Amino acid sequence: MTDASTPIIVGSDRGPRGAGDRPDNELLEGLNPPQREAVTYRGPALLIVAGAGSGKTSVLTRRIASLLWNREAWPSQILAITFTNKAAGEMRERVQHLVGDNAAQGMWISTFHSACVRILRREAQQFGFTKAFTIYDSGDSRALIKRLVKEHEADAFGLTPAAVQGKISKLKNELADAESYARSANMSDPAERIFVDIFADYQRALQRANAFDFDDLIAQTVYLFRAFPHVADVYRRRFRHILVDEYQDTNHAQYALIHELTQPLSEPEGESYGDSGMMIFDAPAADTLPAASLTVVGDSDQSIYAFRGADIRNITEFERDYPGAKVVLLEQNYRSTQNILSAANAVISNNFDRKDKKLWTDVGAGERIVGFTGYSQHDEAQFVADEIDSLRRAGVDYSQMAVFYRTNSQSRALEEIFIRSALPYKIMGGTKFYERAEIKDALAYLVAVANPADEMAVRRILNRPRRGIGDVTETAIARYAADEGITFRDALANSSVLGVGPKIQAGIAQLDAVLAEASEHMLPASGELAPPTAVAEGLQILLQKSGYLDALRASKDPQDEARLENLDELVAVAREFARNNPEGTIIDFLTEVALVSDADDLEDASGSVSLMTLHTAKGLEYDAVFITGVEEDLIPHRISAGEPGGPQEERRLFYVGVTRARQRLFFTLAMTRAQFGEVTVAMPSRFLQEIPADLIDWRQSPGDVNSRGGTQSRALNARRPGGGFGGSGFGTSRRYGEDLVPKSTSIERFANRIPAKVRDNGDLALKPGDRIRHDDFGEGRVDAITGEGAKRVAHVRFDKVGAKKLLVKIAPIEKIG
DNA sequence: AGAGTGCAGGTTTTT
DNA sequence: CCTGCACTCT
């Protein structure tokens, strides 16, 4: 837009532009006909079926911009839901870019969770919470559930904390509570009865702590709307245009929330809000207020969150739920080359029960997909590192490359090789900064200040740093609090009557004083605004005066230095927060911290290769993409095999990965993979067979690695710089001669045919003392045989390279003599 | 109360 | 393999 600063003047009849302007023309520039339709259609309900890379974000932002430009909506009447905070930030930026900063003021663009927190903070007092409520992350609720499972001795009935937590989460996503579940469950089963008890206790504990867990944020908002129609009406009046991205991954609770918001008013406007009667006289056109308009965007082929309750039917049955809904299909892809799209189409077409949809592009075939099979996961990682290196030399920026994997544990091998190769990389979501113990401790201090009702937080910091407070003292405090009818937090103020030793008394009194001082700093008395820096300063007061930092500094544990650094970083985060939110309170800070997700901290990834799970990759795109571990039992994951719809969801996940790539796509796998310290044999993923052979250029196909006398492992090559064997492990110089590395080979030989069988020595009989010959290591003598069946391992002392462990079943070995 | 040792168990994906 | 946990000892 040419004039980004033009504000919409509230209260003026005229728009920001003269009548002769045709802003829509600008907004529609460069869009294809269906995209235009998606921007300009007006009606109660619109479903945009947007294939991968079809420009849906662009369409969504322009649709919002067009509503604002045409004066069809005030910014405050718009509610846009995205999947991550990062996506929300980007969408806000793009809308601002289109209509100007001021014209975008007041829009709600956020995740479901953030939007619900905002609503709940405003309305909490309506149903027994305060606006200072805490948000429990999965770790917090697991800790609570663990305690309850113990109390109820539920483990005797096979109820593990993890199982209970999963079940509660699932039920909440279905909007069930303990009571409604009890009605449908088989209550003659004692395990069920105990589960119901735990569920009910858990919910009571949350209420008492003035806390919501993740699932509650949505479910309780729905409950609020249903129980208090006049509250729901406030938001129905306010949000006239609701837009939901990634609709295929919404669960039932989220669906219900949107449904509530798009209902007509429960009471004619102008009457009885808050029973004040204030609005009776100024409500023209009152009862004609129609339901809000709803726009949803999604692609059922990219639904990958069924495991956490996402219901694909929300999108497939949209037309039934919203009769008269308009449907627009976006099939033209603006991201990837045709080869990549052909592979994606080929794979996804194996899912039955889906509407046929084919992505297409007019940018041309592009490069072929590159395939590589490593001997081990390190071998695989080495290939990835080498290819990244040559892409970089060819001018591709590191930030435009990404490596995906199915499970987080796969990142380790990649990381090792990347460090050795001096490649800058960033692992998204792997680190879990906010799950570190010291960070959780620091946050618990803040929670203890912001929400003194949160007993879990106070208990957590009771003896951190060590104050000599153990179980006995903790129980004494709890009893005293119960006897006096005060909170656990307030009980700390009376340490002298607990009947504990003087040293412990002093410790409690000191904790109480620190919390009080920080409270004064961060929660100024009525009406006054805390300075923007209050949170960062309060945090420093807490960490300093509680002795937490001193304890770490005095520690001998080398890890504690890293902990100190992490706490420094947290303080820096608080400062940064103050900079971005001059009026942000401690509660705002805790909210932001509680709702950050893995995909949100992509910001500083510039200049680095991004490593992430396939799930985290959703919604992102890169010039070059590596999908690693393309093996059976990994993708599709073995656990998915037993779950209904599991393999299909895995296929969609793979599809999501493939469609992230713009120019270059790599599939890599390893023939053996070590997990739990054990080596297992991996089979190529079935998804590879679903891709037409001529799309993939196998640098080293699974057949090469398996067949006897085939290509030597790069990892093995790497071990012998200059020809000789380097001995144990990888050396620091991992150069290998170019001549040893098989570069591109003809498709005729290495077509995308996965051999039906891998190399298999069967039950090759070996016993200590036998001599064998190995394709790479030469001759040696068997020292011992361990393991069973397919995992039998031969411990061999080779004449030239020393001791090695080999998987008998697949190692390229034969018995001699 | 706290430190240290042994053991079992767990690794799918996450707001 | 590695971690987290429970139990024991000081």
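In what follows, chains are A, B, ... by sequence order, proteins preceding strands, each numbered from 1. These figures come from a predicted structure and were not determined experimentally.
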So, is T473(A) near the phosphate of dA1(B), with a side-chain N or O under 4.0 Å from OP1 or OP2? yes
Does a side-chain N or O from N408(A) land closer than 4.0 Å to OP1 or OP2 of dT13(B), or not? yes
Under the criteria of a ring-centre distance below 5.5 Å and an interplanar angle below 30°, is F307(A) stacked with the base of dT13(B)? yes
Which is it for E90(A) and K86(A) under the salt bridge (Lys or Arg N to Asp or Glu O under 4.0 Å) test, yes or no, and what are the steps along the way? CA-CA 6 Å; E90(A) 283 172 0; K86(A) 179 170 182 271; 2.9 Å; yes
Given [options], the nucleotide with the shortest approach to the side chain of [X]:
| X | options | value |
| --- | --- | --- |
| K146(A) | dC5(C), dT12(B), dT15(B) | dC5(C) |
| N463(A) | dA1(B), dG2(B), dT15(B) | dG2(B) |
| V472(A) | dA1(B), dT15(B), dA3(B) | dA1(B) |
| S138(A) | dT15(B), dT12(B), dT14(B) | dT15(B) |
| T616(A) | dA1(B), dT14(B), dT12(B) | dT14(B) |

Looking only at N and O atoms, is any donor in the side chain of H113(A) or the base of dT15(B) less than 3.5 Å from an acceptor on the other one? yes
Do Y255(A) and D311(A) get their side chains close enough for a donor-acceptor pair, meaning under 3.5 Å? no
Short side-chain donor-acceptor distance under 3.5 Å, E649(A) and S640(A): no
Mind telling me whether Y305(A) and F307(A) have parallel, tilted or perpendicular rings, with 30° and 60° as the class edges? tilted
For atom P, what is the distance between dT13(B) and dG4(C), given to the nearest Å? 16 Å
Just how far, in rounded Å, is P of dT15(B) from NE2 of H615(A)? 11 Å
Can you measure E592(A) atom CD to dT15(B) atom P for me and round it to whole angstrom units? 15 Å
Is R412(A) touching bases, backbone alone, or none of the nucleic acid, heavy atoms closer than 4.0 Å? sugar-phosphate
